[in-house]
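Read the structure below first, then the notes.
Worth knowing before you read on, the calculation uses all heavy atoms, side chains too, and leaves out hydrogens, waters and symmetry mates. Letters go in sequence order (proteins before strands), and every chain restarts at 1.
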There are 2 protein chains.
Amino acid sequence: MTTTGGRVRVGERLPTLEDVARLAGVSRATVSRVINGIRNVDPQLHELVWDAVGRTGYVPNRLARSLVTRRTGTIALVVSDSESHDDDPFMGRFFADPYFGRVVGGLMSVLRTAGIQLALQIVGTEDQRTRLVGDLRHGQADGVVVLSLPGHDPLPRMLTDAGVPAVMIGRPADPVPINYVDLANDAGAALAADHLVARGCQLVGMIAGPADVPASSDRITGFRRSMARHGHGWVPQVSGNFTQESGEAAMRTLLADHPHLDGVFVANDLMALGALLALRDEGRTVPADVAVVGFDDSSAATAADPALTTVRHPLEDMAAEAARLLMTRIDDPDMRVSSVIYEPTLIKRRSA
Amino acid sequence: MTTTGGRVRVGERLPTLEDVARLAGVSRATVSRVINGIRNVDPQLHELVWDAVGRTGYVPNRLARSLVTRRTGTIALVVSDSESHDDDPFMGRFFADPYFGRVVGGLMSVLRTAGIQLALQIVGTEDQRTRLVGDLRHGQADGVVVLSLPGHDPLPRMLTDAGVPAVMIGRPADPVPINYVDLANDAGAALAADHLVARGCQLVGMIAGPADVPASSDRITGFRRSMARHGHGWVPQVSGNFTQESGEAAMRTLLADHPHLDGVFVANDLMALGALLALRDEGRTVPADVAVVGFDDSSAATAADPALTTVRHPLEDMAAEAARLLMTRIDDPDMRVSSVIYEPTLIKRRSA
DNA sequence: TTGTACGCGTTATCAT
DNA sequence: ATGATAACGCGTACAA
């Protein structure tokens with residue numbers, strides 16, 4: 001340890017608690033107490049220690065700290081996929097979609113101020129899932145926010161069995177006692193139905209998402225039930241996979257099968273964008289000939305022409321709530337399993 | 001330690017190397033060697049140990065391992081902002097934009113297969129930056145990929161000074177000996193200029209991004225220089241901030257000041273989307289009255305109507321390359337500072 | 001080839 | 001109030 005004009009060096013390695021203690025002439029324990037702001041400390045030493053900290057440029061080693069406190073200050077965002085799409089462009093599309101970014105933004109808005117960092121994990125295979133749970137049980141992260149893509153995902157159950165603090169965004173497909181934040185998707189779809197009917201549409205179709213994911217199936221049942229209540233017992237329906245291209249294709253087949261269609265509910269904005277393109281291409285004007293209602297109120301909705309009438313999905317708020325829920329669960333292991341359901345609203349623009 | 005039918009429990013706590021060793025009747029060191037696949041091991045013991053691992057359900061503790069190996073298997077993606085936008089919706093917009101997701105997707109495509117996880121960090125204030133560098137020097141992450149938003153960012157220099165393996169996506173604004181992956185933005189802008197001139201445009205304007213960020217200023221200088229070469233010494237220019245709304249506003253003022261405008265180069269697709277809306281609103285048809293060229297070839301380009309002619313920005317590839325560059329730098333501390341520049345291409349669609 | 005013993009940097013427990 | 005000292009779980013020289 002060499003001293004030159006106030007600054008102190010300890011060779012190549014970074015200064016440790018030990019170095020600070022030696023410089024301040026106290027024990028490691030005392031320095032630790034000062035750093036962590038524990039009361040029982042002589043004001044004199046307090047200042048002495050901070051001075052030594054400043055002169056050495058000491059920074060606590062988070063790893064070493066985590067090893068003993070069993071707290072990492074990290075929350076994992078795990079994207080659970082059904083299979084490993086390593087050479088499949090699917091995951092690429094997933095990240096490029098507004099969905100992923102909105103979730104991350106919402107999570108960060110609350111984690112940032114709490115000084116918690118987000119670690120991104122993607123699991124596709126059974127092996128990856130078990131490894132993830134293993135790491136989690138060791139406290140590699142204090143808790144996890146789960147984005148489950150496939151219909152029947154074993155991960156939620158594995159997490160609860162392992163006792164890992166977890167919150168899902170979107171309810172689990174299978175009944176599992178896990179915390180989650182979700183949107184009343186069926187109510188949102190009903191909003192769309194009400195609006196299309198009130199508009200006077202006579203033949204309304206639906207472009208749905210994959211039937212095995214809850215958010216999608218809820219929109220389907222919600223829409224069909226509401227339409228039925230309005231006297232429309234039968235609703236032509238075609239499924240896409242939430243991409244713009246699939247929406248465009250779905251619209252074409254819908255139009256081909258039902259030329260008199262004058263309204264359509266699309267399960268997400270991206271597909272609605274594709275539907276708009278197909279409609280224009282087929283010479284139909286929106287909303288005069290065909291009224292279109294989307295879902296999500298993503299950036300695509302205002303980018304569309306005409307701007308999309310859509311069901312607002314407050315994803316950022318939901319992600320933020322998930323983060324808060326997770327943080328309280330982490331601090332209170334006895335917290336009961338709970339869920340928060342958001343109510344959707346209809347945003348009226350020009351397309352319907 | 002209790003044994004029941006092959007399965008072994010060690011009380012509440014998770015099994016450690018010690019537990020496995022005891023069960024296998026060997027020392028901790030031997031178990032460690034087997035786990036880490038080190039040669040010099042008796043095949044007999046090898047099997048014995050793996051058996052014990054299976055029966056205990058042992059999983060290595062990454063934290064403890066990292067503490068001694070000084071390797072975390074984690075790479076940090078740090079988004080460096082000029083100020084703390086805690087209550088500013090700016091960061092929310094950033095995450096919702098395709099840019100962020102494309103970068104994450106590109107990074108994950110290579111990190112995933114390498115079994116490396118991504119930790120997201122956002123730094124806005126001076127304090128947050130120094131804390132980040134401190135943690136990084138301790139090896140909280142093996143390296144960092146930097147996304148620098150503001151014009152003059154002190155972070156790159158701080159990282160190189162600290163000796164932290166780092167790669168930037170987009171060159172640093174100030175000269176700093178740091179690795180980076182970038183696009184030849186000026187060449188891309190020149191492509192746009194060539195195309196608009198070849199199309200026969202007489203009065204071409206530009207909607208630019210913030211002048212202090214390199215990617216943006218390079219597009220400006222590249223475009224103006226190329227236009228000058230084509231005999232267009234003067235190019236009317238209005239600046240936006242890369243959002244759709246700002247693009248719409250910019251287009252309106254450009255149109256108001258120069259009614260005879262018949263071509264426009266927009267510095268990114270999002271603003272181009274806004275420009276398209278403004279043009280339609282003003283009764284101009286694209287590309288007949290005004291030709292529009294965007295930049296990025298993001299999902300917005302194909303979503304637009306008419307589909308955008310745009311300069312392709314291979315962001316996913318660049319991010320993947322950044323990850324690879326970082327990984328080799330981590331393995332080889334003596335790697336010379338290097339950069340990779342990608343060449344842009346013009347994607348011709350309907351808007352120009 | 002295997003085991004012993006130490007170190008990684010911190011917090012927590014116990015005396016004092 | 002403060003200081004030894006024992007964990008935390010693992011890798012690895014070094015010795016055997």
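Distance Arg65(A) CZ to dA12(C) C1': 14 Å, rounded to the nearest Å. In this structure, Asp19(A) atom CG and dC8(C) atom P are separated by 10 Å, rounded to whole Å. A straight line from CG of Asn40(B) to C1' of dG3(C) spans 14 Å, rounded to a whole angstrom. Taking atom CG of residue Leu14(A) and atom P of nucleotide dG7(C), one finds them 19 Å apart after rounding to whole Å. The nearest whole Å value for the distance from the CD1 atom in Ile38(A) to the P atom in dT13(C) is 10 Å. Rounded to an integer number of Å, the gap from CD of Glu18(B) to P of dT4(C) is 10 Å.
At a threshold of 4.0 angstrom between heavy atoms, the contacts of Arg62(A) with the nucleic acid are absent. Contact annotation for Thr30(B): backbone-only contact, meaning every heavy-atom pair under 4.0 Å involves sugar-phosphate atoms and none involves a base. Residue Leu63(A) is classed as having no contact, given no heavy-atom separation below 4.0 Å to the nucleic acid.
With salt bridges taken as basic N to acidic carboxylate O contacts below 4.0 Å, one links Asp127(A) and Arg131(A). Asp19(A) and Arg55(A) are not joined by a salt bridge, as no carboxylate oxygen comes within less than 4.0 angstrom of a charged side-chain nitrogen.
Using a distance-only test at 3.5 Å, with no hydrogens or angles considered, a donor-acceptor pair links the side chain of Arg62(B) to the main chain of Thr72(B).
Summary of the strand contacts: Gly25(B) and Arg70(B) both lie near DNA chain C, and taking for each the nucleotide with the nearest heavy atom, the more 5' one is attributed to Gly25(B). Both Arg33(A) and Leu17(B) lie near DNA chain D, and the one whose nearest nucleotide falls closer to the 5' end is Arg33(A).
The two atoms that bring Leu107(B) and Val145(B) nearest to each other are CD2-CG2, 4.0 Å, heavy atoms only.
In this structure, the separation between CG on Leu14(A) and OH on Tyr58(A) is 10.0 Å, given to the nearest 0.5 Å.
Considering only side-chain N and O atoms, Thr69(A) lies nowhere under 4.0 angstrom from the phosphate OP1 or OP2 of dT11(C). The phosphate of dC8(C) (OP1 or OP2) has no side-chain N or O of Asn61(A) nearer than 4.0 angstrom.
Mapping heavy-atom proximity under 4.0 Å, the span of DNA chain D touched by chain A runs 5' to 3' from dA1(D) to dG9(D).
Among residues two or more places apart in sequence or in another chain, the ring pair (Phe, Tyr, Trp, His ring centres under 6.0 Å) test is passed with Phe100(B) by Phe94(B), Phe95(B).
Looking only at side-chain heavy atoms (C-beta outward), Arg65(A) and Asn36(A) come within less than 4.5 Å of each other.
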